[in-house]
Amino acid sequence: MLPGFLARTIELLLGREGRSLHLKAAGGATAVLAVVMLAGSWAVVAVESGARGANLRTYPQALWWSIETATTVGYGDFYPVTLGGRIIGAVVMVVGITTYGMVTAALATWFVGREQRRRHRLAHGARELGEETARALHERFDRLERMVAGKNEPD
């Protein structure tokens, strides 16, 4: 069940042709983070089991620890006591920080791009309005010139 779900999720996040690069990168980083958190939880339980003073004894505890570690919350209720567990924790931290940075950058890029498209549409509309106004003024001047020229001609 879970591997099929992960495969469909990754395909959904990365598989769209029209999706921008920053969204693909953020989606990929999120998928990597999910895998690192799930695998890191399992690995930290395996590394910490039997260690003196270990408080990460079950997978649910380790999963909670990986979530709070990846988000840099770090309540301190669970923590690794072995070198291997701390290395796994460092990997979860780095991947979490990177992912949240990429997601934040993707959102910022989306907002900036949206504003740029809005400004481009406004500028294009103003340019068209300016061209229309110039054409209308030329027509009026041409009509005035014809009127002035017609009145000044001898009968």
Side-chain angles (χ1 to χ4, degrees), residues 1-45 56 59-80 84-155:
M1 168 73 184
L2 189 59
F5 170 75
L6 285 176
R8 284 193 303 274
T9 302
I10 291 170
E11 181 181 341
L12 178 69
L13 289 171
L14 301 177
R16 303 274 171 116
E17 286 297 321
R19 188 164 282 164
S20 63
L21 181 60
H22 63 277
L23 286 177
K24 285 182 182 181
T30 303
V32 168
L33 175 62
V35 170
V36 166
M37 285 174 31
L38 293 171
S41 298
W42 171 81
V44 82
V45 168
L56 290 167
Y59 187 76
Q61 288 173 336
L63 189 57
W64 173 250
W65 164 81
S66 70
I67 292 169
E68 65 184 20
T69 300
T71 58
T72 68
V73 171
Y75 292 123
D77 51 352
F78 297 109
Y79 51 89
R86 290 178 180 171
I87 290 171
I88 293 167
V91 170
V92 171
M93 280 184 233
V94 168
V95 173
I97 292 167
T98 302
T99 299
Y100 295 120
M102 290 179 78
V103 169
T104 302
L107 280 171
T109 302
W110 180 73
F111 282 120
V112 168
R114 207 170 139 192
E115 180 63 18
Q116 285 177 338
R117 285 189 298 277
R118 186 186 73 80
R119 287 183 181 190
H120 178 72
R121 280 193 308 272
L122 287 174
H124 183 69
R127 191 171 34 254
E128 284 181 354
L129 182 61
E131 289 171 2
E132 264 182 53
T133 303
R135 272 194 300 278
L137 284 173
H138 281 294
E139 288 175 13
R140 282 185 168 184
F141 284 134
D142 289 344
R143 202 168 0 149
L144 284 172
E145 286 176 350
R146 283 193 302 273
M147 286 172 58
V148 168
K151 289 184 179 182
N152 292 339
E153 291 178 7
D155 288 328

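Among residues two or more places apart in sequence or in another chain, the side-chain contact (heavy atoms from CB on, under 4.5 Å) test is passed with Trp64 by Glu68, Tyr75, Asp77, Phe78. Taking Val112 as the reference, Gln116 meet the side-chain contact (heavy atoms from CB on, under 4.5 Å) condition, with sequence neighbours excluded. A search for side-chain contact (heavy atoms from CB on, under 4.5 Å) contacts involving Thr109 returns His22, not counting sequence neighbours.
For the atom pair CD1 (Ile97) and CG (Leu33), the distance works out to 11.0 Å, reported to the nearest 0.5 Å. Within the model, atoms OG of Ser41 and CD1 of Ile67 stand 7.5 Å from one another, a figure rounded to the nearest 0.5 Å. For the atom pair CE (Met147) and CZ (Arg140), the distance works out to 12.0 Å, reported to the nearest 0.5 Å. A distance of 12.0 Å separates CG in Leu122 from CG in Leu129, rounded to the nearest 0.5 Å.
Of the possible donor and acceptor atoms, one in the side chain of Thr99 sits under 3.5 Å from a partner among the backbone N and O of Ala29.
Annotation for Ile88 and Ala43: closest pair CD1-CB, 3.6 Å, computed over non-hydrogen atoms. When all heavy atoms of Tyr59 and Leu38 are compared, the closest pair comes out as OH-O, 3.2 Å. In this structure, Ala62 and Val45 approach most closely via the heavy-atom pair CB-CG2, 3.4 Å. Of all heavy-atom pairs between Thr30 and Ala26, the closest is OG1-O, 2.8 Å. A pairwise comparison of heavy atoms in Thr69 and Met93 identifies CG2-CG, 3.3 Å as the closest pair. Across all their heavy atoms, Pro80 and Trp65 have their closest contact at CD-NE1, 3.5 Å.
Residues in residues 94-108 take part in no salt bridge (Lys or Arg N to Asp or Glu O under 4.0 Å) pair, two or more places apart or across chains. Counting only residues at least two apart or in different chains, salt bridge (Lys or Arg N to Asp or Glu O under 4.0 Å) contacts with residues 128-137 are absent. Counting only residues at least two apart or on different chains, the salt bridge (Lys or Arg N to Asp or Glu O under 4.0 Å) pairs with a member in residues 109-127 are Glu115-Arg118, Glu115-Arg119.
Counting heavy atoms from C-beta outward, Pro60 and Leu63 have side chains that stay 4.5 Å or more apart.
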